[in-house]
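Just so you know, these numbers use all the heavy atoms, side chains as well, and skip hydrogens, waters and symmetry mates.
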Amino acid sequence: MEKKRSFFQNTCKPEGFGGKMMVRMMNTGHAALAEWGFQHISIGDHDAALDIGCGGGANLQKLLTKSSCGIIKGIDYSPVSVEQSRKKNAAAIQAGRCEVIQGNVMELPFEDSGFHVVTAFETIYFWPDLFKAFQQVCRVLADGGTFMICNESNGMNPKDEKWTGKIEGMKIYNAGQIKAVLQEAGFCKIKVDQNRRGWMCVTAEKSGNGKEFGQEK
């Protein structure tokens with residue numbers, strides 16, 4: 001008999017009606033986390049930005065506001081998330097300022113050095129190979145570009161382990177683990193901030209190697 005899919009599995013990959021409910025809940029439930037996270041980075045009016053695991057599209061909307069003239073892209077491997085993100089940002093998509101595509105962080109379908117900023121909110125828990133994923137992020141960032149990771153769980157609270165038991169494929173990382181993999185993948189100037197609620201924001205910069213924004217190999 002096929003095992004019934006848990007509703008909480010939709011945090012990993014939203015599917016069906018439950019998935020639609022989950023992405024709407026994420027847009028609301030993660031708003032405060034996102035607001036806190038965005039305080040850690042600077043985004044210019046013309047910066048190109050990518051949100052990986054864009055979910056319901058709320059953070060794409062925030063990025064469009066912060067980069068008033070830049071191109072903002074979102075990617076998610078859930079068709080439900082892509083659909084909801086496109087609906088929420090329909091006007092910006094129509095205006096040519098936003099694009100939302102279905103895809104996987106393990107093989108980002110973007111050119112090298114195409115973004116000034118890449119964000120990942122509540123999503124690295126589900127990336128199957130953190131090092132390879134971070135390499136992909138590094139590849140699509142321009143020299144000096146910023147990668148921001150923002151998580152509600154910092155890997156230091158044993159109570160959070162209940163979620164790894166409920167959600168297949170989920171892994172919670174602490175700051176030291178994330179920092180080590182970022183360094184290995186080619187990032188520098190890594191900063192970690194953690195608040196009293198247990199939230200964690202990690203920012204890192206792509207090390208310079210002569211690759212400027214939008215430059216092809």
Side-chain angles (χ1 to χ4, degrees), residues 5-110 114-127 133 136-137 140-141 145-153 163 167 170 199 201 203:
R5 191 173 193 264
S6 164
F7 173 71
F8 293 108
Q9 201 63 35
N10 286 297
T11 59
C12 174
K13 188 176 185 181
E15 293 181 1
F17 178 73
K20 290 181 180 180
M21 288 179 59
M22 180 61 76
V23 294
R24 293 191 188 106
M25 289 167 60
M26 287 176 177
N27 277 348
T28 303
H30 294 162
L33 174 74
E35 193 64 36
W36 177 73
F38 277 123
Q39 295 173 17
H40 295 80
I41 59 174
S42 176
I43 303 173
D45 287 339
H46 293 82
D47 282 356
L50 169 67
D51 185 36
I52 301 175
C54 57
N59 290 327
L60 293 176
Q61 205 168 58
K62 290 183 175 69
L63 286 165
L64 284 159
T65 301
K66 293 177 181 298
S67 176
S68 58
C69 300
I71 301 298
I72 307 302
K73 297 187 179 184
I75 187 169
D76 202 294
Y77 78 156
S78 161
V80 168
S81 293
V82 171
E83 178 187 3
Q84 296 300 310
S85 283
R86 286 174 177 170
K87 284 181 179 179
K88 191 166 186 65
N89 296 281
I93 291 171
Q94 183 66 29
R97 286 204 55 224
C98 183
E99 181 183 12
V100 183
I101 65 172
Q102 184 180 352
N104 196 312
V105 66
M106 306 306 295
E107 294 182 25
L108 290 174
F110 304 111
F115 299 100
H116 300 97
V117 176
V118 175
T119 59
F121 291 90
E122 286 283 275
T123 185
I124 70 164
Y125 311 123
F126 312 115
W127 295 1
Q136 282 289 297
V137 174
V140 302
L141 268 175
T146 300
F147 177 32
M148 180 178 71
I149 299 163
C150 206
N151 290 345
E152 283 187 343
S153 300
W163 296 112
I167 304 168
M170 182 180 187
W199 294 354
C201 184
T203 59

Could you tell me which non-hydrogen atom of [X] sits nearest to which non-hydrogen atom of [Y], and how far apart they are?
X     : Y      : answer
Gly56 : Lys88  : O-CD, 3.4 Å
Gln39 : Glu35  : CG-O, 3.3 Å
Gly37 : Cys150 : CA-SG, 3.7 Å
Leu60 : Lys73  : CD2-O, 3.5 Å

Validation row: [X], [Y] side chains within 4.5 angstrom (heavy atoms):
X      : Y     : value
Thr119 : Asn59 : no
Glu99  : Ile71 : no
Asn89  : Gln61 : yes

- Atom CD of Gln94: over 12 foreign heavy atoms under 6.0 Å: no
- Any residue meeting salt bridge (charged side-chain N to carboxylate O under 4.0 Å, His left out) with Lys66, in chain and number order, not counting sequence neighbours: none
Just verifying a value: how many Å separate [X] [atom1] and [Y] [atom2], rounded to the nearest 0.5 Å?
X      : Y      : atom1 : atom2 : value
Gln102 : Ser85  : CD    : OG    : 11.5 Å
Ser68  : Arg97  : OG    : CZ    : 6.5 Å
Phe147 : Leu141 : CZ    : CG    : 8.0 Å
Ile93  : Lys87  : CD1   : NZ    : 12.0 Å
Ile43  : Leu64  : CD1   : CG    : 10.5 Å
Phe115 : Phe110 : CZ    : CZ    : 4.5 Å

Exam field: side chain [X] to backbone [Y], donor-acceptor pair closer than 3.5 Å:
X      : Y      : result
Asp76  : Gly55  : yes
Ser81  : Tyr77  : no
Ser67  : Leu63  : no
Glu122 : Glu152 : yes

- Task: Applying side-chain contact (heavy atoms from CB on, under 4.5 Å) between Val105 and each of Ile75, Thr123, Ile124, Ile52, report the one that passes.
- Result: Ile52
- What residues, two or more places apart in sequence or in another chain, satisfy side-chain hydrogen bond (donor to acceptor under 3.5 Å, both in side chains) together with Asn151? none
- Taken in chain and number order and not counting sequence neighbours, the residues that satisfy ring pair (Phe, Tyr, Trp, His ring centres under 6.0 Å) with Phe121 are Phe38
